[in-house]
Amino acid sequence: MLNIHDLEVGYGGSTVLRRVGLRVEPGQIVCLMGRNGVGKTTLLKSIMGLLRPGQGKLSFNEWDMTYATPDKRAKAGIGYVPQGREVFPQLSVEENLILGLEACPQRTDKLPDTIFDMFPMLGKMLHRKGGHLSGGQQQQLAIGRALAAQPKLLLLDEPMEGIQPSIVMEIEHAIESIKKKKEIAVLLVEQSLEFATRIADYYYIIDKGSVVAQGSADELSDEIVKKHLTV
Ligand SMILES: Nc1ncnc2c1ncn2[C@@H]1O[C@H](COP(=O)(O)OP(=O)(O)OP(=O)(O)O)[C@@H](O)[C@H]1O
Ligand SMILES: [Mg+2]
């Protein structure tokens, strides 16, 4: 469904991503790994259309979206939860979720029940301000908001980063339930080998802006991780 070919992206004069190729199939959970600063966030931003490629092609369900705006990509079914979440602190949980409906291709004002099944906390705190939630709760809210648009592909940038273990478990269960339903594919940045082997179907490792390893997640070994991920 997502097909990236020969992608080059940079900031100003400096190239960050070089000749990146990556695929995500419908319903697949793909884990994107790599040390700090190698270009993981740059790749997700490029998929969402927040950065323009210097070269290469991105397509989504056969649609060439290489130069499409983020808005068009969202409407086509790509959801994005940025690193560091970014919920609106002054808006309530409910208002934050409703903003997610804007990207929904079917015009609706009803929030999908699946959000509250996955994260019951959100249902209980509908009127609390986003800024008054804990970091982990804000992450759940950010994921819930992306799910409100009923995406076909969800991009998650380090959803477990800096979050207390109990909420890490809840987010992991949410990703597991997404996987079971097979309706949404997930491309997520996550460094943990345990997580990748437990949940992901496929992995990519990036180093210095290029894909240096990829494969089925059950073939991901300590050796590969040591070679490409430890500092
Ligand atoms: N807005 C920007 N302007 C210029 N350079 C940037 C910008 N954002 C990122 N970079 C540079 O691009 C490179 C890749 O950054 P990126 O954020 O994609 O890495 P990352 O793999 O997501 O890192 P982390 O694990 O720390 O989140 C880094 O060298 C970074 O300094
Ligand atoms: Mg990053």
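First listed ligand is number 1; within each ligand, the first listed atom is number 1. Along the sequence shown, residues are numbered consecutively beginning with 1.
Distances below 4.0 Å separate heavy atoms of Thr41 from the following atoms of ligand 1: 17 (O), 18 (O), 20 (P), 22 (O), 27 (O). Near Glu158, the atoms of ligand 1 lying under 4.0 angstrom from a non-hydrogen atom of the residue are 25 (O), 27 (O). Close approach to Gln83 involves these atoms of ligand 1, each under 4.0 Å from a residue heavy atom: 27 (O).
Of the candidates Val189, Leu32, Val16, Leu44, it is Val16 that places a heavy atom closest to atom 12 (O) of ligand 1. For the residues Gly37, Gly209, Gly39, the heavy atom positioned nearest atom 29 (O) of ligand 1 is part of Gly37.
Residues Tyr204 and Leu43 are not in side-chain contact: their nearest non-hydrogen atoms beyond the backbone lie 4.5 Å or more apart.
In Lys45, neither the side chain nor the backbone holds a heavy atom less than 4.0 Å from any atom of ligand 1.
In terms of protein heavy atoms, atom 15 (O) of ligand 1 is closest to Thr42 OG1, 3.8 Å. Among protein heavy atoms, the minimum distance from atom 26 (O) of ligand 1 is reached at Asn36 ND2, 3.2 Å. The protein atom (non-hydrogen) at minimum distance from atom 25 (O) of ligand 1 is Lys40 NZ, 2.7 Å. Here the heavy atom of the protein found nearest to atom 11 (C) of ligand 1 is Tyr11 CE1, 4.0 Å.
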Could you pull out every donor-acceptor pair under 3.5 Å between side chains of residues 145-157 and any protein atom, sequence neighbours left out?
residue : atom : partner : partner atom : Å
Arg145  : NH1  : Asn96   : OD1          : 3.2
Arg145  : NH2  : Glu86   : O            : 3.0
Asp157  : OD2  : Thr41   : OG1          : 2.7

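Counting heavy atoms of neighbouring residues, nucleotides and ligands inside a 6.0 Å radius, atom CZ of Arg19 does not exceed 12 of them. Within 6.0 Å of NZ on Lys179 lie more than 12 heavy atoms contributed by other residues, nucleotides or ligands. Counting non-hydrogen atoms of neighbouring residues, nucleotides and ligands closer than 6.0 angstrom, the CZ atom of Arg35 exceeds 12 such neighbours.
The side-chain hydrogen bond (donor to acceptor under 3.5 Å, both in side chains) test with Tyr202 is passed by exactly one of Gln214, Arg23, Gln28, Glu25: Gln214.
For atom 1 (N) of ligand 1, the nearest protein heavy atom lies under 4.0 Å away.
Side chain to side chain, Asp71 and Thr69 fail the donor-acceptor criterion of an N or O pair below 3.5 Å.
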